[in-house]
Amino acid sequence: MRISELSAESGVALPTIKYYLREGLLHPGEQRSATRADYDDTHLRRLRLIRALLEVGKLPVASIKKIIEAVDDESLPVHTMLGTAHYALAPEVAPAEPGEELESARAEVDRVVAGHGWQVLPDAPPRAELAEILLRMRSLGMTPDLAPYAEAADRLVREVEMATIPFDGPRDAAVEALVLGTVLYGKAFDALRRLAQESESARRLAR
């Protein structure tokens, strides 16, 4: 297909596609002449991935480039490639003041990870994020119990979310599924919790 047809098929504006080509986010088409190149389904998949990273993941172009490089590097295992995208989705966490409270929160996160047998790198961004959340909760007088939440997360990821990722398919399709699942399932779970909270409040308190 021509670039105009690629634009129509993907829903991505022509100037935007040309920008992605210049930035190296989208691989070049097959050159047919000095003024014409042909594009195929691999370009459609890549545009879907870029849109997922931009619109759902809310990632900057610099982060998207790193993910695209990982997708295109066939020597990288799929797990490493997915990890590049997963870590890019992690929010920026302002470091807390060092001290016993922070170390206690980090130790609690380590216990949760070890208790579920999770294979997680020591410098994984969600570790630091969860420790900061625990620290904040404790500073507000809360006594958080992560166990039921960890159990629910473990079951949902194993039985539902990971089943949506085509590990044996195109690499960019696997990353797209990971990004969409991580962000959108997260939002859906938060909305479901709020619905359940309203219902339980009504059951306990409403007359």
**Asked** Got a salt bridge between Asp110 and Arg127, using NZ or NE/NH1/NH2 to carboxylate O under 4.0 Å?
**Response** yes
**Asked** Ser199 side chain to Ala196 main-chain N or O, any donor-acceptor pair under 3.5 Å?
**Response** no
**Asked** Which pair of non-hydrogen atoms, one from Val71 and one from Met81, has the smallest distance, and what is that distance?
**Response** CA-SD, 3.7 Å
**Message:** Please evaluate residues Met162 and Ile165 with respect to the criterion side-chain contact (heavy atoms from CB on, under 4.5 Å), reporting the C-alpha separation (whole Å), side-chain torsions for both, the decisive distance (0.1 Å), and the verdict.
**Reply:** CA-CA 6 Å; Met162 281 300 175; Ile165 300 176; 3.6 Å; yes
**Straight-line distance of Leu192 CG to Tyr185 OH, nearest 0.5 Å** = 11.0 Å
**Message:** Could you see if Leu47 belongs to whatever hydrophobic cluster contains Leu54? Use Ile, Leu, Val, Met, Phe, Trp, Tyr and a side-chain cutoff under 4.5 Å.
**Reply:** yes
**Item:** Neighbour count >12 (heavy atoms, 6.0 Å) for atom CZ, Phe189
**Value:** no
**Asked** To the nearest 0.5 Å, what is the distance between CD (Glu159) and CZ (Arg155)?
**Response** 5.5 Å
**Message:** Just checking Glu100: does its CD atom have more than 12 heavy atoms from other residues, nucleotides or ligands closer to it than 6.0 angstrom?
**Reply:** no
**Message:** If I take atom CZ from residue Arg46 and atom CG from residue Leu44, how far apart are they, to the nearest 0.5 angstrom?
**Reply:** 12.0 Å
**Complete:** Nearest heavy-atom contact between Gln31 and Arg36 is NE2-O, 3.2 Å
**Asked** Is there a side-chain contact between Thr42 and Arg45 (heavy atoms, below 4.5 Å)?
**Response** yes
**Message:** Pair His79, Gln119 - check side-chain contact (heavy atoms from CB on, under 4.5 Å), show working.
**Reply:** CA-CA 12 Å; His79 176 67; Gln119 301 178 53; over 6 Å; no
**Prompt:** What's the verdict on side-chain contact (heavy atoms from CB on, under 4.5 Å) for Val179 and Leu59, showing C-alpha distance, side-chain angles and the deciding distance?
**Reply:** CA-CA 11 Å; Val179 171; Leu59 296 178; 5.9 Å; no
**Prompt:** Cluster question for you: counting only ILVMFWY and a side-chain heavy-atom cut-off of under 4.5 Å, with indirect links fine, are Ile68 and Val61 together?
**Reply:** yes
**Asked** Nearest 0.5 Å, what's the CG-OG1 distance between Leu21 and Thr16?
**Response** 11.0 Å
**Message:** Other residues, nucleotides and ligands only: do more than 12 of their heavy atoms fall within 6.0 Å of CD on Glu198?
**Reply:** no
**Prompt:** Any donor-acceptor pair under 3.5 Å linking the side chain of Thr84 with the backbone of Thr80?
**Reply:** yes
**Residue pair Asp190, Lys187: steps toward the salt bridge (Lys or Arg N to Asp or Glu O under 4.0 Å) verdict** = CA-CA 5 Å; Asp190 184 58; Lys187 291 181 181 295; over 6 Å; no
**Prompt:** Can Met137 be reached from Leu146 by stepping across I, L, V, M, F, W or Y side chains whose heavy atoms are under 4.5 Å apart?
**Reply:** no
**Asked** How close do Leu134 and Ala105 get, heavy atom to heavy atom, and via which atoms?
**Response** CD1-O, 3.8 Å
**Asked** With the threshold set at 4.0 Å, does a side-chain nitrogen-carboxylate oxygen contact exist between Lys66 and Glu69?
**Response** no
**Asked** Would you call Arg138 and Ser104 a side-chain contact if the rule is heavy atoms closer than 4.5 Å?
**Response** yes
**Prompt:** Hey, does Arg171 have a side-chain heavy atom less than 4.5 Å from the side chain of Leu49?
**Reply:** no
**Fill in**
Closest non-hydrogen atoms of Pro125 and Ala90, given as atom of the first, atom of the second and distance, are CB-CB, 3.5 Å
**Asp123 CG: over 12 foreign heavy atoms closer than 6.0 Å** = yes
**Pro166 versus Ala174, closest heavy-atom pair with distance** = O-CB, 3.8 Å
**Message:** Quick check on the hydrophobic clustering: are Val157 and Val78 connected, directly or via other members, by side-chain heavy-atom contacts under 4.5 Å?
**Reply:** yes
**Prompt:** Distance from Ile50 atom CD1 to His43 atom NE2, nearest 0.5 Å?
**Reply:** 10.0 Å
**Spacing of Ser7 atom OG and Ile17 atom CD1 [to the nearest 0.5 Å]** = 4.5 Å
**Item:** Steps toward side-chain contact (heavy atoms from CB on, under 4.5 Å) verdict (Trp118, Val112)
**Value:** CA-CA 9 Å; Trp118 290 342; Val112 170; 4.1 Å; yes
**Message:** For Glu176 versus Ala52, what's the shortest heavy-atom pair and its separation?
**Reply:** CG-CB, 4.1 Å
**Prompt:** Where do Glu5 and Arg2 land on the salt bridge (Lys or Arg N to Asp or Glu O under 4.0 Å) test, with the steps shown first?
**Reply:** CA-CA 5 Å; Glu5 296 170 321; Arg2 297 188 177 188; 5.7 Å; no
**Request:** State yes or no: do Ile67 and Leu180 share one hydrophobic cluster built from I, L, V, M, F, W and Y residues joined by side-chain heavy-atom distances below 4.5 Å, directly or via other members?
**Result:** yes
